[in-house]
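Atoms within each ligand, like the ligands themselves, are counted from 1 in listed order. Model, not experiment: these values are computed from the prediction. Atom set for the values below is all heavy atoms of this structure, side chains included, hydrogens, waters and symmetry mates excluded.
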Amino acid sequence: MTVMVPPKASATASPGRLALDSALFQLDQAAEHLGLDDGLRKMLATPRRSLTVSVPVRREDGRMDVVQGYRVQHNVSRGPAKGGIRFHPATDLFEVTALAMWMTWKCALVGIPYGGAKGGVGVDPATLTTRELERVTRRYVNEILPLIGPDQDIPAPDVGTDEQTMAWIMDTYSVNAGYSVPGVVTGKPTILGGSLGRAGATARGVQIATMSALGDRDPAGVTVAVQGFGKVGAQTARYLADAGCRVVAVSDVTGAIADRNGLDVTAVREHHSESGGVSGYRHADRLTHEELLELDVDVLVPAALEGVLTAENAPRVRARLIVEGANGPTMPEADVILTGSGVTVVPDILANAGGVIVSYLEWVQNTQAYSWSAGEVQIKLRDLMEQAFGEVGALAESRGLTLRQAAHAIGVSRVAEAHRLRGLYP
Ligand code: NAD
């Protein structure tokens, strides 16, 4: 692969702008490797549709606020657009575009018939009451209604949203349609047609990717640190502990905690659900957020937000294996430094693909009014994850690529091939 110099992270750019720069750099590298022509490169670098909406919300005290919402469909050449909805104060159009682009490559990489999309609302859900959150969700959905639908674009949970958010989205869409449309979202409660195993699917995929990367190594000797203790991070900690690894540190927005002998992940989860965070858990030491990323562990799982591993802290990372539960946690400059120091990075579009795999299974079940058992879902998830991991590993090995370069080369090449076969209309 032609060695390309990663963009220097600008100190003044928003996290979203940095995420989009990373995504475009990764696309450029893959396009160069695949020898794609300029026209196709431009097409793949540009989202097919981007919608920015204003979302008025009535607060409990009667005031009206207005927040910004976004839905971006990056690519639909292989099927309907698919991607989560994020509620976070720093969300902007750049970030949502980057996340939509990564979804496109991820779906192609694991061989599910979707394009990539993402949505976001620039709001901090922790500052809203449940009723305000419901109003924001329903009004946002109403604003993006022309874009979504089971054959068009299917949202799912992401940072700051959950099963309840998906239930409100399904209801809002269904009320507008005049009948129940469970297939408009995935990650719903099972009683509304959600798939068994969806809630833990991303984390299960991270566990499968970690175990595949560890190969023959006995998990009993493997230490793990997990950044982020939300839907992905907390379950990943649990599944890796269940697999025999020693989870020695976890963090969330409230702080970071560690115990060299291994945390009792179930007890930390109980503390988290009682107090709202991992901070204050009594049977562990306190760390700073930065210290967690630089701990002397075998495996680091970033499972929070983008851009946490940078040119500045990458030289101090001591984990030998990084498995990206989050999307975009490693900046391209950090990637080069980590590769240079022999660290293996299992990239986001492979490591966290378990979520969209089971979302796809949920959508298939909804469109066929059918349901699979939890065991059947687990088997299908494992098969697709292991197959993708095998393909990425084989390409990386044969071409001397990093796992990220190989994963992007596969994902981008499949989307490029879909464009070639479909041709350009008119
Ligand atoms: P979430 O909102 O459930 O959890 C996010 C967690 O990150 C929270 O515990 C929060 O406190 C923590 N966090 C935020 N800032 C932090 C910081 N500076 N240091 C430490 N922790 C911090 O979100 P999630 O659904 O678990 O998503 C996490 C990541 O995984 C995102 O990048 C998301 O795009 C990605 N992802 C999620 C899914 C899914 O199914 N939910 C699927 C694929 C990828």
Side-chain angles (χ1 to χ4, degrees), residues 15-16 19 22-23 82-91 95-96 98-103 106-107 110 116-120 123-126 155-166 185-188 194-195 197-206 209 225-238 249-257 268-269 272-273 275-279 287-293 300-310 313 323-330 347-360 362 381 385:
S22 300
K82 181 89 189 84
I85 289 178
R86 174 172 295 196
F87 284 2
H88 190 276
T91 290
E95 180 186 57
V96 175
L99 292 164
M101 191 180 292
W102 284 323
M103 281 303 292
K106 189 183 302 179
C107 293
V110 296
K118 207 78 180 189
V123 72
D124 181 357
D158 191 79
V159 172
T161 56
D162 58 16
E163 288 192 348
Q164 178 60 74
T165 328
M166 298 307 116
V185 279
T186 57
K188 309 175 281 294
S195 176
R198 173 59 183 91
T202 308
R204 184 64 78 192
V206 175
V226 180
Q227 185 210 29
F229 206 70
K231 296 184 295 299
V232 177
Q235 293 273 51
T236 296
R238 184 188 134 199
V250 297
S251 69
D252 68 6
V253 79
T254 66
I257 56 170
V268 177
R269 278 165 64 101
H272 180 276
S273 57
S275 70
V278 301
S279 172
L287 296 177
T288 65
H289 283 116
E290 271 302 311
E291 282 169 341
L292 179 133
L293 297 174
L300 173 65
V301 181
L305 296 171
E306 303 93 68
V308 294
L309 296 172
T310 63
N313 64 10
V323 186
E324 295 183 337
N327 286 304
T330 310
D348 44 12
I349 62 168
L350 173 60
N352 69 34
V356 77
I357 289 173
V358 178
S359 273
Y360 164 64
E362 179 172 328
L381 166 63
M385 282 300 298

Among all protein heavy atoms, pick out the one at the shortest distance from atom 37 (C) of ligand 1; state its residue, atom name and that distance to 0.1 Å. Val232 CG2, 3.5 Å

How does Arg198 reach ligand 1, by side chain, by backbone, by both or by neither, if only non-hydrogen atoms under 4.0 Å count? side chain

Say you draw a straight line from CD of Gln227 to CD of Glu324; how long is it, rounded to the nearest 0.5 Å? 11.0 Å

Among all the protein's non-hydrogen atoms, which is closest to atom 23 (O) of ligand 1, and how far away is it? Val159 CA, 3.4 Å

Using heavy atoms and a threshold below 4.0 Å, how should the contact between His289 and ligand 1 be classified: side chain, backbone, both, or neither? side chain

What protein heavy atom lies closest to atom 30 (O) of ligand 1? Include the residue and the distance to one decimal. Gly325 O, 3.4 Å

Got Val268 and Ile257 here, is their nearest side-chain heavy-atom distance under 4.5 Å? yes

Start with the C-alpha distance between Val110 and Tyr360, add both sets of side-chain angles, then the distance that settles side chain to side chain contact (heavy atoms under 4.5 Å, CB included), and finish with yes or no. CA-CA 11 Å; Val110 296; Tyr360 164 64; over 6 Å; no

Applying side chain to side chain donor-acceptor pair (under 3.5 Å) between Asn352 and each of Asn327, Thr236, Thr202, report the one that passes. Asn327

Salt bridge or not between Lys188 and Glu362? Use side-chain N to carboxylate O under 4.0 Å. yes

For atom 11 (O) of ligand 1, grab the closest protein heavy atom and report residue, atom and distance to one decimal in Å. Val253 N, 2.9 Å

Are any of the N/O atoms in Phe229 less than 3.5 Å from those in ligand 1? yes

N/O separation below 3.5 Å, Asp158 to ligand 1: yes

Is there a heavy atom in Arg86 that sits closer than 4.0 Å to ligand 1? yes

Nearest heavy atom to atom 2 (O) of ligand 1 wins, so pick from Gly230, Ala203, Gly160. Gly160

Ranking Ala304, Ser279, Gly84 by closest non-hydrogen atom to atom 31 (C) of ligand 1, top hit is Ala304

heavy-atom search around atom 40 (O) of ligand 1 in the protein gives Thr202 OG1, 2.8 Å

Give the residue, atom name and distance (to 0.1 Å) of the protein heavy atom nearest atom 15 (N) of ligand 1. Leu305 CD1, 4.0 Å

Could you list the atoms of ligand 1 found under 4.0 angstrom from a heavy atom of Gly228? 7 (O), 12 (C), 21 (N)

Under 4.0 Å from one or more heavy atoms of Asn352, ligand 1 contributes atoms 43 (C), 44 (C)

Mind checking the SG-CD1 spacing from Cys107 to Ile357? Nearest 0.5 Å is all I need. 9.5 Å

Candidate list Val301, Asp252, Val206, test side chain to side chain contact (heavy atoms under 4.5 Å, CB included), partner Val226, passing option: Val301

Which is closest to atom 28 (C) of ligand 1 by heavy-atom distance: Ala326, Ala303, Ala256, Pro125? Ala303

Mark yes or no for whether Asp348, through its side chain, and Gly328, through its backbone, hold a donor-acceptor pair below 3.5 Å. yes

Minimum-distance protein heavy atom relative to atom 20 (C) of ligand 1: Ser251 OG, 3.4 Å

Check this for me - ligand 1, Asn327, N or O atoms closer than 3.5 angstrom, yes or no? yes

of all protein heavy atoms, closest to atom 1 (P) of ligand 1 is Lys231 NZ, 3.6 Å

Do any N or O atoms from the side chain of Ser195 and from the backbone of Arg198 form a donor-acceptor pair under 3.5 angstrom? no

Between Leu305 and Arg86, is a side chain to side chain contact (heavy atoms under 4.5 Å, CB included) present by the stated rule, with each step listed? CA-CA 11 Å; Leu305 296 171; Arg86 174 172 295 196; 3.9 Å; yes

Would you check if there is a donor-acceptor pair between the side chains of Asp158 and Thr161 at a distance under 3.5 Å? no

Leu292 versus Leu300: any side-chain heavy-atom pair under 4.5 Å? yes

